[in-house]
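Note sheet for the following structure.
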Amino acid sequence: MGNNRLGSNTMSTSNFGKGCHLHLIDGSAFIFRAYHALPPLTRKSDGLPIGAVAGFCNMLFKQVEDNKGPDAPTHVAVIFDHSGKSFRNDLYDLYKANRPPAPEDLVPQFPLTREATRAFNIACKEIEGFEADDIIATLACQAREAGGRVTIISSDKDLMQLVGNGVEMLDAMKNKRIDSDGVREKFGVGPERVVDVQALAGDSVDNVPGAPGIGIKTAALLINEFGSLEDLLDRAEEIKQPKRRQTLVENRAQIEMSKTLVQLDCEMELGFGLDELEIRDPDPEVLLGFLSSMEFRTLTKRFADQLGLEAPTIPETTPQAAAALETPEAPRFDTAEYTTVRDAEGLQSWIDLIREHGYVAVDTETTGLDEMVADLVGISLCVLPGQACYIPLTHKAGSSDDLFGSDALAEGQMDLETALAMLKPVLEDSAILKIGQNMKYDAKIFVRNGIEVAPIDDTMLLSYALNGGLHGHGMDTLSERYLDHQPIPIKSLLGTGKSAITFDRVPIDDATPYAAEDADITLRLWSQFKPQLHQKQVTTVYETLERPLVPVLAQMERHGIKVDRDTLSRMSNAFSQKMAGLEAEIHELAGESFNVGSPKQLGEILFDKMSLPGGKKGKTGAYATGADILEDLATEHVLPARVLDWRQLSKLKSTYTDALQDHINPETGRVHTSYLQTGANTGRMASSDPNLQNIPVRSEEGRRIREAFVADEGNVLLSLDYSQIELRILAHVADIDALKQAFADGHDIHAMTASEIFDVPLAEMTSDIRRKAKAINFGVIYGISGFGLARNLRIPRGEAQGFIDRYFERFPGIRQYMDDTVAFAKEHGYVQTLFGRKIHTPEIAAKGPRASFAKRAAINAPIQGTAADVIRRAMVRMPEAIAHLPARMLLQVHDELLFEVPESHVEETIETARRIMEGAADPAVHMTVPLVVEAGRGANWAEAH
DNA sequence: CCTGTCACG
DNA sequence: GACGTACGTGACAGGG
């Protein structure tokens, strides 16, 4: 961020100069004006909101029309804000924090306005990390220095500082030109002092603080009296009015910071010159094509008339859109329609088809489920429902009942390299959307084959954003539910169990119907889901929390984490020995030999043979022997205590020290987990194969397993975790002043809670009272119940209920929040996170215990889900933020991110990652409680955590 | 394949 | 008044 800000603008041999006239259009202003000026129009064929795009095109059209006179521009550009933060957020993290997020139905229109600009053949510019204003400022300065004229088409007062010496502004709405006198009228000072006035007056819209109590009028008065802001601040003591004097002296730093916020950057390194902005005539075909694809009938006709061309007819529903939509007329599934692509000519015709449509559903077939190991076997494509193909690439010859198989390739397949070389430009083309079901898998396969697939859409993630909580998001579920079609089971091709074969052994003729069908299903699901995003108001969730996370996770997974096999192996041996000893002792105590690992046999020993109290049988008729029950027995008897010890070791050995070794990739020497983005209903992710989100930490013995997770040579592991994030979110959403204050002051939140409910002064706090309060705090997040708290604290139920009652007495706002949340869930059938993620709660209407279950889940979901959204936002921004560092993000554990970085860059990485994590809610949500991130480092995960 | 158990946040 | 109960996950072992 902010790099190259001081770069000089050595303008190489430019043709721009005297007599030239540059028009700079503030694109964002155009968009918002168009959005608010027009009713919410939608594209007829598919319901895509396009009101703002229509207005935007009208305004561009008018610009072109009106500028044919003697004052016509020679150069023109539309400048956009790049989404995300600008360098100003580094100066002041609340900059523009007051801005509400863009309306849902406007979001999908942003990229379309860029497309529109290009269709008009007007230069379309945006630069990451900078606001449109800075680009406009730099261009205006360059043009002025070159001796040309500039018209800035915007009414943004922030741009008025640029006016003068040939630079003017034009308010397109009022059709009013603003020159130096116009600026003086507005600000009371000339353009060169506008920033001084703004620095003093501040701006509530952009959240520029300024000097409290001083508006534009007063600011102008002061600046005119003292000449400049600097002189004013230096001589502030001379101000006559005591109040004003005090304000200026006290807020000097804030005023100076405000000036840097409003001061536009005229010295940006743009990466393009003024010559690029020279006016060009639009290509009629491109422009008419765009306008008609938007289904703008009037605009299309007007433009065609002007050129004396025939306007393309726009059917009530374009064939393309009709085909893309899952309409009742969509063809039924018919595997006979699928084709097998066996040569370059066949593939080329599909590539042509893809380029014609601009999107394609893609699916890969591989030899296994581990994308770090599996090899590509074939690729299927689909562009229209019912029309799909399969490209077999590495199927093996020989029938599947050939015991030894054959390593020779089957006949009638394209050469792998040739096919990939042909597909690569399409799969990497930024203008062609690649649609997949669980695209992360396919993208990882493609990366290993030298192809970086982008941009992508993912039907699994679309379903998750749209239908989270309602059902699973696997292809089979979605196909049955939304297409009323049962896909061909993979088992029918591969078989099951020991005799299962890999996909490369499937005969090509059997593979085509299966593989092509998957692409067909994916395309049909996409056609159905995509338009629903804005209808259900989850475009932002999908576009900011789901889609951009895919490449981030893929990178983390591919990188993996180094795990030391010897450490694990030694631990396994130690556990074996200890377990053998315990087992012997347990058999001795029982008076017979039995399987300690069998709850059934253990129950019979404990409750039948030894007749210990508390034997309760569960649904299956077996005695329950859970840890809680054994712990109760352990106070009186040795055997259950030994079983508990044995179980802990057994768990650690089988699940961790043994199993993890099997997950070390022989090629990389590292462990590569797989994250399932749709793993939890709340927005959390799940990790599997292996699960690296449940590596032991609570017990001393278990925590040592983390010593096997090590940094690569010369590197260290960094762990950054959000402190108390869920309680902070609760304090924010339930708006509890006492909790918010405690977090703002950095107090111990559990001790504070304990002090409030148990009336114990903080100075006299004991660890036991604090422990109880901590349990209550967690209980609150989970939708507290007397029974649950009682069980957790091992206290009588009545006592637990008393704690809860007192808690709600002290924090009535929490109860209010819970009641409101449940009521919302009942009314709408879902609850929401602060970032708009919807979590459906279909069980809320049920009767009996299921309803209470759903209630607690509904209370928990917005809190857990908001925390999940926060860390997702941090993860999405992280790769770019640490791109200049040799650091890698390795793992996510719900509220923790683990990094690997050379020792030389530890401090810088901590600083950067912490800034991203702590600011992750901004600017979409302004948290009234600070998010705090704690950092640790070490040679292994145990030390870092 | 289901259940119980237990590891994590 | 009875019902059951803290929220969210994944892996492993035993036992049908």
Side-chain angles (χ1 to χ4, degrees), chain A residues 469 496-497 594-603 617-630 643-644 646-660 662-663 673-676 678-699 701-703 705-706 721-722 724-727 730 775-793 797 800 804 831 839 841 846-865 867-868 871 891-896 941 945:
Chain A
T496 53
F594 70 100
N595 185 349
V596 183
S598 162
K600 183 168 172 278
Q601 294 179 33
L602 175 66
K617 295 196 177 182
K619 296 166 209 157
T620 54
Y623 289 112
T625 64
D628 47 347
I629 290 170
L630 295 191
V643 171
L644 281 169
W646 183 91
R647 276 203 185 150
Q648 196 202 358
L649 296 176
S650 164
K651 179 77 175 183
L652 295 179
K653 182 172 187 294
S654 66
T655 310
Y656 301 105
T657 57
D658 284 353
L660 273 174
D662 300 335
H663 281 287
T673 186
S674 178
Y675 288 102
L676 185 61
T678 59
N681 284 338
T682 51
R684 272 198 185 175
M685 296 190 293
S687 153
S688 68
D689 308 293
N691 181 355
L692 295 187
Q693 290 182 324
N694 73 344
I695 303 303
V697 71
R698 291 173 188 167
S699 79
E701 197 134 37
R703 184 158 57 237
I705 290 171
R706 295 188 174 221
D721 70 296
Y722 284 106
Q724 310 280 10
I725 187 168
E726 294 191 357
L727 278 175
L730 177 69
I776 297 169
N777 276 333
F778 276 107
V780 165
I781 295 170
Y782 297 151
I784 201 159
S785 79
F787 183 93
L789 183 63
R791 199 174 64 170
N792 191 291
L793 285 176
R797 203 175 149 169
I804 295 171
V831 290
I839 298 131
T841 56
K847 288 268 177 280
R850 284 149 65 100
S852 10
F853 203 80
K855 264 190 202 172
R856 291 193 299 271
I859 290 166
N860 173 257
I863 302 167
Q864 190 182 112
I871 198 166
L891 300 178
Q892 188 249 42
V893 191
H894 308 309
D895 64 355
E896 171 189 8
W941 199 359
H945 194 273

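The structure presented is a predicted model; accordingly, all values stated were derived computationally and were not measured. Just so it is clear: chains get the letters A, B, ... in the order the sequence lines come, proteins before strands, and each one is counted from 1.
Residue contacts shown for A:Ala854 are absent, as no nucleic acid heavy atom lies under 4.0 Å away. Among the atoms of the strands shown, only primed sugar atoms or phosphate atoms (P, OP1, OP2) are found under 4.0 Å from some heavy atom of A:Gln601. Backbone-only engagement by A:Ser688 is indicated by non-hydrogen atom pairs under 4.0 Å involving sugar-phosphate atoms exclusively. Counting any heavy atom pair closer than 4.0 Å across all strands shown, A:Ala659 reaches sugar-phosphate atoms only and no base atom. Among the heavy atoms of the strands lying under 4.0 Å from A:Asn792 is at least one base atom, whether or not backbone atoms are also near. Here A:Gly779 lies in heavy-atom contact (under 4.0 Å) with a base. Heavy atoms of A:Asn694 sit under 4.0 angstrom from at least one base atom. Residue contacts shown for A:Ala868 are absent, as no nucleic acid heavy atom lies under 4.0 Å away. Residue contacts for A:Ala624: at a heavy-atom cut-off of 4.0 Å it reaches the sugar-phosphate backbone alone, with no base atom in range. As judged by a 4.0 angstrom heavy-atom cut-off over every strand, A:Glu896 is placed among residues making no nucleic acid contact. Counting any heavy atom pair closer than 4.0 Å across all strands shown, A:Ile784 reaches a base atom. Residue A:Ser650 is out of contact with every strand shown, counting any heavy-atom pair closer than 4.0 Å.
Here the P atom of nucleotide B:dC6 and the CD atom of A:Glu701 are 15 Å apart, to the nearest Å. Rounded to a whole Å, the CH2 atom of A:Trp646 is 13 Å from the P atom of B:dT5. Between the P atom of C:dC7 and the NE2 atom of A:His894 lies a distance of 16 Å, rounded to the nearest Å. Between the CG atom of A:Leu644 and the P atom of B:dC6 there is a distance of 7 Å, given to the nearest Å.
At least one side-chain nitrogen or oxygen of A:Arg647 sits closer than 4.0 Å to the OP1 or OP2 atom of B:dC6. Between A:Thr625 and B:dT5 there is a side-chain N or O to OP1 or OP2 distance below 4.0 Å. Listed pair A:Asn595 / C:dG14 meets the phosphate criterion, a side-chain N or O lying under 4.0 Å from OP1 or OP2. For C:dA6, the OP1/OP2 oxygens have a side-chain nitrogen or oxygen of A:Arg791 closer than 4.0 Å. A:Ser598 has a side-chain polar atom (N or O) that falls below the 4.0 Å cut-off from OP1 or OP2 of C:dG15.
Checked against C:dC7, B:dG4, B:dC6, the side chain of A:Lys651 finds its nearest nucleotide in B:dC6. Distances were taken from every side-chain heavy atom of A:Val893 (C-beta onward) to each of C:dT9, C:dA11, B:dG9; the shortest belongs to B:dG9. Distance from the side chain of A:Phe787 is smallest to C:dT5 among C:dT5, C:dG10, B:dG9.
C:dG4 and B:dC6: their P atoms are spaced 23 Å apart (whole Å). A distance of about 13 Å separates the P atoms of C:dA6 and B:dG4, rounded to the whole Å. Across the C1' atoms, C:dC3 and B:dA7 are found 30 Å apart, a figure rounded to whole Å.
Smallest separation of non-hydrogen atoms from A:Tyr782 and A:Asn860: CD2-ND2, 3.7 Å. Considering all non-hydrogen atoms of both residues, A:Ala627 and A:Leu644 come closest at CA-CD2, 3.9 Å. Closest of all the heavy-atom pairs between A:Thr682 and A:Ile839 is O-CD1, 3.9 Å.
Between A:Arg647 and A:Thr625, some side-chain heavy-atom pair lies under the 4.5 Å cut-off. Within the 4.5 Å cutoff, the side chain of A:Ile776 has heavy atoms near those of the A:Leu789 side chain. Inter-residue side-chain proximity for A:Trp941 and A:Leu891 is flagged as met; some heavy-atom pair is nearer than 4.5 Å. At a threshold of 4.5 Å between non-hydrogen side-chain atoms, the residues A:His945 and A:Arg703 do not count as touching. When side chains are defined from C-beta on, A:Pro690 counts as touching A:Leu660, because their heavy atoms get closer than 4.5 Å.
Contact annotation: side chain of A:Arg684 to base of B:dG9, donor-acceptor pair present below 3.5 Å. You'll find a donor-acceptor pair under 3.5 Å spanning the side chain of A:Arg797 and the base of C:dT5, going by distance alone. Taking only distance into account, the side chain of A:Arg698 meets the base of B:dG9 through a donor-acceptor pair shorter than 3.5 Å.
Between the side chain of A:Gln693 and the backbone N or O of A:Gln892, at least one donor-acceptor pair lies under 3.5 Å.
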Quiz item: Reading DNA chain C 5' to 3', how would its secondary structure be written in dot-bracket notation, given Watson-Crick and G-U pairs with both distances under 3.5 Å, brackets [ ] for crossing pairs and | for partners on other strands?
Solution: ......|||||||||.
